[in-house]
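The structure appears right after this line, and notes come after that.
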Amino acid sequence: MFGAHPDDCDMGSGGTAILYARMGYAVKFVSLTNGDAGHQTMKGAALAKRRFAEAQEAGRRFGVTYDVLNNHDGALLPTLAVRLQVIKKIRQWDADIVIAPRPNDYHPDHRYTGVLVQDAAYLVAVPNVAPETPAIKKNPVFLYFRDRFERPNPFRPDIAIDISDVYGQKIHAMDAHESQMYEWLPWIGHYLDQVPVSKTDREKWLTKTREVKITPVIRMSLEKWYGKEKAAAVQYAEAFEICEYGGQPDETEVRRLFPMLGK
Ligand SMILES: [Zn+2]
């Protein structure tokens, strides 16, 4: 899973990552920037160091490995150099599934992360590109994280995963990003005065503030994958859209790639 910042993958698909990890599958989060702009008082190398440590702790709580690339936050561009970094990461991991943001987003770093991963979606299989890292044999399935953007087209939840059982663990893992959850995001969002002081109150508060509602289209997708009865009981879900580039899975293949869906 690729995010622009150390905490993006966590929010987008942390629950699904936990489910994979519990089933014994290897999951990697990659942040394309080091997050060195995301704070109101800290910056530069000191901030990057703090965010790297937070990402490692979050990774431990999710049960995933967490890579942070040393590109500057707020300055990511879809250059050939970063594209090659993405291609190498996907090849070295021998990924079956790659998840990234859609290239429509309020934050340019998110947008370009989407573009960079799309640009890699075909080239990971081309041996003459970055020949020092052997090309992948089977083109992975590329997916997009859920987002709320409507233009030029709204997110389409092709796959929806019930994360109700692991939602508490997802929040606990996100709580590791202290500089973001309790400092930067509340500051830029003008709700810093609402952040509780005690550790236990903070996690409870995070559970409420980070809740992403299940929309009617996501409920319909849950019904497709889990059946009407099970879908109605789902409290928390994550959803993904299948990218048109890369492997195109049919329903059987989606169930093979997402064994938590059941048969
Ligand atoms: Zn971000």
Side-chain angles (χ1 to χ4, degrees), residues 1-17 27-59 61-62 64-79 82-83 85-86 89 98-120 142-151 155 170-171 173-192 195 206 209-212 238-241 243:
M1 304 179 188
F2 286 89
H5 309 110
D7 72 342
D8 289 353
C9 294
D10 317 47
M11 293 195 237
S13 62
T16 305
V27 180
K28 182 189 281 297
F29 289 177
V30 181
S31 173
L32 291 189
T33 79
N34 59 16
D36 61 356
H39 204 269
Q40 66 275 37
T41 55
M42 297 178 72
K43 62 182 178 186
L47 180 57
K49 195 178 165 199
R50 183 177 180 202
R51 296 197 66 180
F52 180 80
E54 289 174 345
Q56 296 316 301
E57 176 57 20
R61 296 183 191 181
F62 278 114
V64 310
T65 55
Y66 212 132
D67 291 5
V68 178
L69 302 186
N70 217 8
N71 300 308
H72 287 301
D73 185 359
L76 188 70
L77 288 171
T79 61
V82 186
R83 184 199 293 170
Q85 290 179 330
V86 171
K89 284 286 173 199
V98 178
I99 314 180
R102 293 198 303 159
N104 318 302
D105 195 289
Y106 74 99
H107 198 306
D109 289 353
H110 298 173
R111 265 200 311 271
Y112 296 137
T113 299
V115 169
L116 284 157
V117 176
Q118 281 185 180
D119 288 352
F142 288 78
L143 306 174
Y144 298 117
F145 294 119
R146 174 187 178 179
D147 63 58
R148 59 187 159 80
F149 303 102
E150 301 277 336
R151 291 180 188 144
F155 169 82
K170 175 179 178 177
I171 292 294
M174 277 164 52
D175 161 82
H177 297 284
E178 282 185 14
S179 71
Q180 304 302 298
M181 299 302 135
Y182 307 123
E183 296 170 26
W184 169 243
L185 294 174
W187 184 86
I188 192 90
H190 306 289
Y191 56 92
L192 195 57
V195 179
L206 203 59
T209 47
R210 288 282 139 203
E211 181 170 355
V212 188
E238 285 169 354
F240 305 100
E241 177 176 328
C243 171

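By convention here, the first residue in the shown sequence is residue 1. First listed ligand is number 1; within each ligand, the first listed atom is number 1.
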Worksheet item: So Y66 and F29, would you call those rings parallel, tilted or perpendicular, with 30° and 60° as cut-offs?
Response: perpendicular
Worksheet item: Parallel, tilted or perpendicular: which describes the rings of H110 and Y106, with under 30° parallel and over 60° perpendicular?
Response: perpendicular
Response to the item:
So the protein N/O/S atoms within less than 2.8 Å of the Zn ion (ligand 1) come down to H5 ND1, D8 OD1, D8 OD2, H110 NE2
Discussion item. Donor-acceptor pair, distance only, cut-off 3.5 Å: does the side chain of K170 make one with the backbone of M11?
Written reply: yes
Fill in: Check: P103 main-chain N/O paired with R111 side-chain donor or acceptor under 3.5 Å
no
Practice prompt. Kindly determine whether K28 and D67 satisfy salt bridge (charged side-chain N to carboxylate O under 4.0 Å, His left out), including the steps that lead there.
Written response: CA-CA 7 Å; K28 182 189 281 297; D67 291 5; 3.0 Å; yes
Going by atom type alone, with no hydrogens or angles, which donor-acceptor pairs under 3.5 Å involve a side-chain atom of residues 41-49 and a protein atom two or more places apart or on another chain?
from : atom 1 : to  : atom 2 : distance (Å)
T41  : OG1    : H39 : ND1    : 3.3

